[in-house]
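Below is one structure; the comments refer to it alone.
In listed order, ligands and their atoms are each counted from 1. The figures here come from the full heavy-atom set of this structure, side chains too, leaving out hydrogens, waters and symmetry mates. Here the structure is a predicted model, which is why all the values come from computation and not from measurement.
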Amino acid sequence: MSALPSVSSLAGPELVDFRRRLEARLEQAVSFADGSSGRRGRETLQAGGKRLRPLLVYLSSPLAGRGAPDLERGAAAVELVHMASLVHDDVLDRAALRRGLPTVWATHGDAVATATGDYLFARAFAVLAETGNAPASALLADCALALSRGEALQKLQARRPETTPAEYLARCTLKTGALFATACVLGARLGGASDPGTVAALHDYGRSLGLAFQVADDVLDCDGTPEATGKALGTDLIDGTPTLPLLLAARDDRVVAAALRHGVRPADVLGVLHRVGATGALEAARAEAYRHVRAAEAALERLGDDFDLPALGAVAHGVVNRDS
Ligand code: FPP
Ligand code: MG
């Protein structure tokens, strides 16, 4: 397993060049301010990341539109929103580790982490505004609202092991599916696609991909290795967040249900995660992730051959077949 699929269509010189230009734009965007937020923003960027959402922007462009500078701006904007949302998410989740490094929240506390997320969020819209494309900015604004609603829903569902798979998927559609879908739609539009059916297919592909990604992420929170994920194991269990593997396991195991509802002592986390595995919930959740991969593949069948369909298909499998 790996961080991202390494098929030849994803390793060509054009994509390498796009990634280099993207990093330069991101660096420029976070270097806007030189105070605390600017420094923390640069550190957040330097911590790295898979750059999966910018990849989706690039691959969702028609082949002929890939050189458009606005595509890079759209890619940088979605990555900045992603970075901002993770900095804020680590405040809400009280998460100590991200990408193998202490989080902004763990090092600097609530106020600095909130301000850093706000800064990155503002920079995202500034970069996108350079395109002069008002519908693109409106799209990203709608998406940011969806992220916030998803995170609010997660708070409402916290410590409720009776949360249903449908309620879980509704929250994941908002907190993760929306940004994946937006990355794809921005890529399509900024790369010159205008056919509504094409844009809708890429939206649906991205949303399904986001769901597959989030379910896989939630499985990794139960059985991943912190060395690979760069995150602490069992954060969702400790926070009482009913992810798909946890809520499915809670249906079969009263100890898991009680840990989700009432909390778990640090010394008991690994034991409860072991019980989650013993219920078969991890396999059931992985099967659900693959259902969304297949839905993403089905959406690709609605696209013409002016897109890199093999690469889009490889990414769909890569988001679930990963260890980090
Ligand atoms: C990670 O989830 C977090 C998200 C997918 C979205 C976070 C959104 C917000 C905090 C609200 C909106 C913020 C902005 C700036 C628009 P996770 O906790 O399941 O993943 P993790 O294990 O990587 O932390
Ligand atoms: Mg989190």
Side-chain angles (χ1 to χ4, degrees), residues 3 37 40-41 44 47-50 52-53 77-106 110 113-126 128 137 139-158 163 168-183 206-207 209-224 226 228-247 285 289 319 322-324:
S37 293
R40 306 291 83 87
T44 302
K50 294 184 268 297
L52 176 55
R53 293 151 190 84
V78 294
E79 186 64 11
L80 287 162
V81 167
H82 173 56
M83 286 165 56
S85 74
L86 291 185
V87 173
H88 281 180
D89 179 67
D90 290 337
V91 176
L92 296 166
D93 289 354
R94 298 334 216 186
L97 215 57
R98 167 85 57 195
R99 293 170 178 154
L101 296 169
T103 59
V104 183
W105 169 77
D110 281 339
T114 304
T116 303
D118 289 349
Y119 170 71
L120 293 169
F121 192 48
R123 295 306 296 145
F125 279 90
L128 196 58
S137 297
L139 203 67
L140 196 63
D142 282 349
C143 173
L145 187 60
L147 292 186
S148 307
R149 287 177 57 212
E151 201 69 11
L153 204 50
Q154 182 158 306
K155 285 289 159 212
L156 287 175
Q157 293 175 354
T163 302
Y168 161 83
L169 289 172
R171 145 184 135 219
C172 293
T173 301
L174 290 167
K175 83 169 199 172
T176 310
L179 189 52
F180 277 67
T182 298
R207 188 186 47 198
L209 202 64
L211 286 174
F213 178 93
Q214 187 62 52
V215 177
D217 219 54
D218 292 341
V219 172
L220 281 174
D221 196 77
C222 298
D223 79 344
T229 63
K231 300 185 277 194
L233 194 63
T235 300
D236 296 325
L237 178 67
I238 294 165
D239 289 347
T241 302
T243 62
L244 188 62
L246 293 179
L247 71 87
V319 298
R322 66 189 168 100
D323 57 15
S324 65

| How about D93 and W105: do any of their side-chain heavy atoms sit closer than 4.5 Å? | no
| message | Is there a side-chain contact between D217 and K231 in this structure, where contact means two heavy atoms from C-beta onward sitting under 4.5 Å apart? | response | yes
| message | If you define the side chain from C-beta out and look only at heavy atoms, does anything of D236 sit under 4.5 Å from D218? | response | yes
| query | Do you know which of D239, T243, T235, L237 makes side-chain contact (heavy atoms from CB on, under 4.5 Å) with D221? | reply | T235
| Side-chain heavy-atom pair D110, R94 within 4.5 angstrom cut-off | yes
| Distance-minimising heavy-atom pair for V78 and A183 | CG1-CA, 4.1 Å
Between ligand 1 and the protein, give all atom pairs where both partners are nitrogen or oxygen and the distance is under 3.5 Å, as lines of names plus distance to 0.1 Å.
residue	atom	partner	partner atom	Å
ligand 1	2 (O)	K175	NZ	3.2
ligand 1	18 (O)	D89	OD1	3.4
ligand 1	18 (O)	D89	OD2	2.9
ligand 1	18 (O)	D93	OD2	2.9
ligand 1	19 (O)	K175	NZ	2.7
ligand 1	19 (O)	Q214	NE2	3.2
ligand 1	22 (O)	K231	NZ	3.1
ligand 1	23 (O)	R98	NH1	2.7
ligand 1	23 (O)	R98	NH2	3.4
ligand 1	23 (O)	K231	NZ	2.8
ligand 1	24 (O)	D89	OD2	2.9
ligand 1	24 (O)	R98	NH2	2.8

| field | Every N, O or S from the protein that is nearer than 2.8 Å to the Mg ion (ligand 2) | value | D89 OD2, D93 OD2
| R53 side chain near V81 side chain, heavy-atom distance below 4.5 Å | no
| query | Got S148 and H88 here, is their nearest side-chain heavy-atom distance under 4.5 Å? | reply | no
| said: Are more than 12 heavy atoms, taken from residues, nucleotides or ligands other than R99, located less than 6.0 Å from that residue's CZ atom? | reply: yes
